[in-house]
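Working notes, structure below.
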Amino acid sequence: MTNTGINDHPPADRFSPGEAISREALLSAPLADLLARAAALRDAGHGTVQTYSPKVFIPLTQLCRDSCHYCTFAHPPRKGERAYLTREEVLAIARAGAQQGCAEALFTLGDKPELRYRAAREELAALGHETTLSYLAEMCELVLRETGLLPHVNAGVMGAAEIAALRKVSVSQGLMLETASPRLMAKGAAHHGSPDKDPAVRLETIRLAGESAVPFTTGILIGIGETRAERLDALFALKALHDRHGHIQEIIVQNFRAKPGTRMADAPEPDLADHLWTIAAARIIFGAGMSIQAPPNLRAEHAALIGAGINDWGGISPVTADHVNPEAPWPHIDDLARDTALAGRTLVPRLGIYPAYLARPGTWLDPALATPATRLSDSHGLMRNAGREGDWSPGAIRPLPALSPEGAHDPAVASVLASLAGGAEPDAAMAITLFGARGPDVALVCAAADRLRWETAGDTVSWVVNRNINYTNICLHKCGFCAFSKGRGHESLRGQPYDLDLAEVTRRAREAWERGATEVCMQGGIHPHYTGDTYLALLRAVKEAVPGLHVHAFSPLEVWHGAQTLGLSLAEYLARLKDAGLASLPGTAAEILDDEVRAVICPDKLDTAQWFAVMEAAHALGLRTTATIMFGHVERPVHWARHLLRIRALQARTGGFTEFVPLPFVHMEAPMYLKGAARRGPTWRETLLMHAVARLVLHPLIGNIQTSWVKLGPEGAAACLQAGVNDLGGTLMNESISRAAGTGHGQEMPPHAMEALIGSLGRQSRQRSTLYGSVPAERREATRSAGDLAEIVLTPVRSRRQSEPA
Ligand code: SF4
């Protein structure tokens, strides 16, 4: 199985660089052999994903104390020209980039011009700074604060204190080593007169960046007078630093371009074969996981560059020129996407910090940068919803983004689909591969899931008339994603604490019955006064008031709490609930069934094994349950895979799950999002794939996959119905948990709206019971003549305490 393009660990941790290769072998091997080996390594590390960073280029100053012979970027002070961009100019560039969907602000500038030019010193003084780097730090902070773009700084040679200061305001830093050859410092050579181009000085800066845990971009510039052996020296020197610190996130192999007006205007440029050889050597030296980059504006032979083992095109700006190579405009993204697809890869936007580093913000990022970077990222640590995909989150009233089908098919995705279609048992690697589908593979996965849906459930879409009753929002727990509960730490969230009087609970149940409901779904926070008897009392009250209602109630957390407070085993307590009329249980409180994630998002709640223990005990008593997943916050696809496979394993033993319900995380009011520790929910691509992959992985053990209209709206639900989903869930009448989290999709989807939605897809609508049985004609008629809901009463906390059920 090939990797789907995302590394959760710094490259050296996860991917063997392959057998050690000697300089001699690299220098003597036939080019075709090197290219084949490099491309294979790249595919093993990155699958078919080819990244680029949508960025703006901010040339803060073009003065430089060095005078490299190939450079047109740097120039001496010019009369009438400012030495530095002003704050307003910097912001204007950044804002234009933000409007165009960029995520990175690349600050590139000359090296310490104040050491050489009085004009620089004077202008810095007028700006309130002594050094270029301190002005740069202020500009990074300004851009981050005002536009949300993530700064990446290319600020030349630095000391530890300067690196540390810039680390506070940037997600990554960069310095091209260019060459490891001190020969090029000699008179007449490219770096003569450029003290900062001394390889030892540059390697020291890169080492210091490693010590300071800065995700770092570096690379070599080829064709400036160095030999191939010297290029290898440079690559091996960088590899040694990376082996020690793990901080090099990408290696650029840049080709020298002769520029008119420079001393090297007539120097020969490296030819394509030479460039390809160097890229392949870099890939082989650094191994599968490293990001190897070649700028797409400096060489038109994009397919050949890909063939040599690159996986990244670097930063590309829709707004600004490449100020270092102004003669070479960036390719248009659409053209680059097409070239990339023709070469068998799919162009995907990334951030200025790579996924492996973003996955460990505590190690690699200043806390001030962790939040904005996390919010711009998707579950793979790449850029979320870039460009044409728009800015969409579950719960938001926005048009659905159109997923671009552009790109190349990943053979790994097709292979997993074929295996599953052939009856193979799904495993984690298969699920992760499917979750990594991009470009045209998203539609492929959805189509495969929808075929299974058709085989399993035909064209019928089912739904149930039910009412949610959330009897209290007081809760002992402090789940980071929960905007519903009121308790310690949640006071500032919207809504008042309440604890429904039994009379209000039964009134709502009666009203639901009158409006045609066949089910009430009851769950709530873990009120400190609630015991197992409280749940029994709630249940009995509803069953007494409306005996015909199916009571679908009590999350595994509530069952656990109820059993504990009464000193009963799970089986004993569930048996009491069943005797009192409980008919089935919601599979909520599942979030992500993996303790690695639960430790972050709900550390004081029941753990994975406890959740499954409740479900297994319920199934053993003949109580059916649903199963859910809440996704799109801090977890990664590996956790989704584990969650699905654990659900599948229990279902294989008990057969007790009626359906699987993906619940996209609604971030707007969630405490952990407000604290800056969570993503903005799943992207639309991830949302669709979750429904489709659930169908594929849980087949044939769980036949019903449900979508949440509350979180996705009718349009989103309709799209999921074409990606493996056969059930629309309940009409709900009073949805309040997702609403508290910020969704704008309403509290009720009445039967006529369900039918209209299903009809618009040419499918057949079926009103079902909770357990997917048929519904008596009398109930169906009652739904047609349902009146408006009466105003609900939210019993204030004190009065509930007075009438607490025995
Ligand atoms: S998710 Fe449930 S247990 Fe967690 S805080 Fe909210 S109401 Fe309480």
Side-chain angles (χ1 to χ4, degrees), residues 394-395 468-500 505 521-532 534-535 538 552-565 585-595 597-608 610-611 613-615 625-635 643 661-675 677-678 681 708 710-711 734-743 794-795 797 800:
N468 272 11
I469 302 179
N470 305 122
Y471 27 76
T472 183
N473 62 355
I474 310 281
C475 189
L476 284 169
H477 293 277
K478 289 177 282 182
C479 302
F481 52 82
C482 180
F484 168 73
S485 80
K486 307 291 160 221
R488 279 173 303 153
H490 292 89
E491 286 78 4
S492 59
L493 299 171
R494 66 183 173 182
Q496 290 303 307
Y498 68 82
D499 183 17
L500 297 190
V505 172
C521 174
M522 302 201 301
Q523 40 190 338
I526 305 297
H527 191 301
H529 291 185
Y530 279 26
T531 68
T534 319
Y535 300 119
L538 280 161
H552 176 71
F554 311 131
S555 72
L557 179 65
E558 291 173 296
V559 173
W560 187 272
H561 179 74
Q564 250 193 348
T565 49
L585 284 85
T588 47
E591 331 313 352
I592 297 289
L593 290 167
D594 191 274
D595 289 342
V597 176
R598 298 182 85 76
V600 177
I601 66 172
C602 51
D604 64 353
K605 198 164 166 171
L606 81 179
D607 65 20
T608 302
Q610 291 166 335
W611 190 92
V614 175
M615 291 283 119
T625 75
T626 66
T628 64
I629 184 170
M630 188 198 63
F631 62 105
H633 33 88
V634 304
E635 82 296 358
H643 183 112
V661 193
L663 300 171
F665 171 55
V666 176
H667 70 283
M668 295 82 156
E669 302 287 337
M672 68 185 180
Y673 175 79
L674 298 174
K675 283 185 195 148
S708 166
V710 180
K711 295 172 198 287
N734 288 119
E735 202 295 317
S736 53
I737 294 175
S738 297
R739 203 158 43 93
T743 182
L794 293 177
T795 320
V797 178
R800 171 53 185 266

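Since we're looking at a predicted model, the values are computed, not measured. Order of appearance sets the numbers: ligands from 1, and atoms from 1 within every ligand.
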Cys475 contact mode with ligand 1 (heavy-atom cut-off under 4.0 Å): side chain
Euclidean distance, Phe484 CZ relative to Gln523 CD, rounded to 0.5 Å: 8.5 Å
Those atoms of ligand 1 less than 4.0 Å from some heavy atom in Gly525: 7 (S)
Closest contact, heavy atoms only, Ile526 versus His477: CG1-CD2, 3.6 Å
Main-chain N/O of Leu557 paired to Trp611 side chain as donor or acceptor, under 3.5 Å: no
Validation row: Ile474, His529 side chains within 4.5 angstrom (heavy atoms): no
Atoms of ligand 1, numbered as shown, that sit under 4.0 Å from any heavy atom of Cys482: 1 (S), 5 (S), 6 (Fe), 7 (S)
Reference residue Met630; test side-chain contact (heavy atoms from CB on, under 4.5 Å); the match among Glu635, Lys711, Glu591: Glu591
Atoms in ligand 1 with a heavy atom of Phe481 nearer than 4.0 Å: 1 (S)
Proximity of Leu557 to ligand 1 by residue part, where a heavy atom lies under 4.0 Å: side chain
